[in-house]
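Here the structure comes first, spelled out in structure tokens, and everything after it is commentary.
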Amino acid sequence: MEQLFKANRISKYQIRVITENTRILAILLIEFLFIMQNLSSVLRFSKSVNIPVTPYAFPFLVNDSICQFIITAGVVVIFSNAPFENEGYYYILPRAGRMSWALGQVLYIFKISLFYLVFLMLATIIPFIGHLNFDTEWGKIWGTLAKTDIGTQFGLNFVVSDFIIDRYTPLDALLLSLFLEWACIIWIGLLIYFGNKMTNKSLGTIAGVFFTLLDVCIANDWTDQAYRISPTSLAQMKTYSGYALKYDVDLIYGVKFFVFGIIMLLFLCLCANDKNKTTKYIDQIRKMIGRQKWKRKQR
């Protein structure tokens, strides 16, 4: 319990440090302006027909490949300075201990991921202030944009998925998209931390860039089997209605991918402070995977 208290204080310290970083503020401003620009066409259409908009833009934005790429690219930049060992590291580590320090960094990733998610959610509502309709249904604006091509006349740059409107209620779609997006952000953040910590280089950041670009590659006719390892694709509900289903990539698979992936990365991040132990665990995992492949071949 004492380690958790120490870890929480360390995460708060890291948050104080990041608030002084203009790079992070610049990323948030860019993301906000990007969302504002994308939703401006929806607002123009809403005003032209004099019908207010319901505050459910978030599920559609994160289910668009380009918007998802911009959002997760911001995640890579935010966590690119992992493992967050600034000048305070050498003073805090001897007092807190390696485990408390590692727990603090993991808590920091979870907290910043949640903050970023809330920020994105608010950014999808702010443009419509003064022209909002807090209804429990999708409303005429989103329904019309999903079922017709009128959005092209107003310069709509993202896809309003009719699959989401037909399959989910607004609240269900919002909660599910928030969960998947948060899991995706945490997954990428932990991956970057682990890769950078283990190599003392930016290998984790490079891996984060790769997985961020993977969904764009798949959308441009790359192999559909890559859906199984693409967190940015699995964070999009539309993935579970297309070609990915041929490879048994459904919502249950997506949830398992994030849950077990985050647990595994969490474990590796905590062990990364002792690289010898981490290398040993990775070798054991490789051997287990190798034995499973051998058993499949025997069948």
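Heads up: numbering here begins at 1 and tracks the sequence.
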Euclidean distance, Leu213 CG relative to Thr72 OG1, rounded to 0.5 Å: 8.0 Å

Side-chain heavy-atom pair Tyr227, Ile218 within 4.5 angstrom cut-off: yes

Leu25 with Leu114, same ILVMFWY side-chain cluster at under 4.5 Å: no

No-hydrogen, no-angle side-chain donor-acceptor test under 3.5 Å, Lys111 and Ser11: yes

ring-ring contact (aromatic ring centres under 6.0 Å, His included) assessment of Phe257 paired with Trp187: CA-CA 10 Å; Phe257 173 88; Trp187 194 96; 5.6 Å; yes

Nearest heavy atoms of Val216 and Ser65, plus distance in Å: CG2-O, 4.5 Å

Pair Cys67-Asn38, side chain to side chain contact (heavy atoms under 4.5 Å, CB included): steps then yes or no: CA-CA 9 Å; Cys67 292; Asn38 273 272; 4.0 Å; yes

Heavy-atom pair with the smallest gap, counting every atom of Pro59 and Val62: O-CG2, 3.6 Å

Single-linkage hydrophobic cluster Ile112~Ile30, side-chain heavy atoms < 4.5 angstrom: no

Linked, directly or transitively: Leu156 and Phe69 (ILVMFWY side chains, under 4.5 Å): yes

Heavy-atom side-chain contact between Ile78 and Ile24 under 4.5 Å: yes

Flag side-chain contact, heavy atom, 4.5 Å: Val255 against Phe179: yes

Validation row: Ser177, Met121 side chains within 4.5 angstrom (heavy atoms): no

Check: Ile70 and Glu31 side chains under 4.5 Å, non-hydrogen atoms: yes

Full working for side-chain hydrogen bond (donor to acceptor under 3.5 Å, both in side chains) between Ser202 and Asn196: CA-CA 5 Å; Ser202 298; Asn196 288 359; 5.1 Å; no

Flag if over 12 foreign heavy atoms under 6.0 Å of CD1, Ile252: no

Atom CZ of Arg167: over 12 foreign heavy atoms under 6.0 Å: no

Lys238 vs Ile164 side-chain heavy atoms within contact, under 4.5 Å: no

CD on Glu137 to OH on Tyr56, rounded to 0.5 Å: 8.5 Å

Greater than 12 external heavy atoms within 6.0 Å of Lys12's NZ: no

Aromatic ring pairing Trp182/Phe110, orientation class (parallel under 30°, perpendicular over 60°, tilted between): perpendicular

Salt-bridge criterion met for Lys140 and Asp135 (N-O under 4.0 Å): no

ILVMFWY clustering at 4.5 Å (side-chain atoms), partners of Leu175: Leu171

Donor on one side chain, acceptor on other, Gln236 and Asp64, under 3.5 Å: no

Flag, side chain of Gln68 to backbone of Asn63, donor-acceptor distance under 3.5 Å: no

From CA spacing to verdict: side chain to side chain contact (heavy atoms under 4.5 Å, CB included), Tyr240, Leu234: CA-CA 8 Å; Tyr240 308 117; Leu234 295 173; 3.6 Å; yes

Non-hydrogen atoms of Asp250 and Tyr253 that approach each other most closely: OD1-N, 2.9 Å

Gap between atom CD1 of Ile188 and atom CZ of Phe211 - 0.5 Å precision: 9.0 Å

Approximate separation, where rounding is to 0.5 Å, of Phe34 CZ and Ile71 CD1: 7.0 Å

Single-linkage hydrophobic cluster Ile206~Met198, side-chain heavy atoms < 4.5 angstrom: no

Any donor-acceptor pair under 3.5 Å from Arg44 side chain to Gly155 backbone: no

Donor-acceptor under 3.5 Å (Ser230 side chain, Ala226 main chain): no

Inter-residue atom distance Leu43.CG - Phe154.CZ, 0.5 Å rounding: 11.0 Å

Single hit among Ile35, Leu117, Leu122 for side chain to side chain contact (heavy atoms under 4.5 Å, CB included) with Phe58: Leu117

Step-by-step side chain to side chain contact (heavy atoms under 4.5 Å, CB included) determination, Leu214 to Ser233: CA-CA 8 Å; Leu214 189 55; Ser233 302; 5.9 Å; no

Minimum heavy-atom distance between Ile185 and Ser113, given as atom pair plus value: CG2-OG, 3.3 Å

Leu39 side chain near Phe158 side chain, heavy-atom distance below 4.5 Å: yes

Heavy-atom closest contact (Ala146 atom, Ile165 atom, distance): CB-CD1, 3.4 Å

Side-chain heavy atoms of Ile141 within contact of Val49, under 4.5 Å: yes

Same apolar cluster (I L V M F W Y, side chains within < 4.5 Å links), Val76/Phe32: yes

Smallest separation among heavy atoms of Cys269 and Val106, with atom names: CB-CG2, 4.2 Å

Check: Thr54/Trp138 side-chain N/O donor and acceptor closer than 3.5 Å: no

Asp215 versus Thr232, side-chain donor and acceptor atoms under 3.5 Å: no

Step-by-step side chain to side chain contact (heavy atoms under 4.5 Å, CB included) determination, Arg228 to Asp248: CA-CA 9 Å; Arg228 298 183 65 86; Asp248 298 321; 4.3 Å; yes

Straight-line distance of Phe163 CZ to Ser241 OG, nearest 0.5 Å: 4.0 Å

Any side-chain donor near an acceptor of the partner, Asp149 and Thr152, under 3.5 Å: no

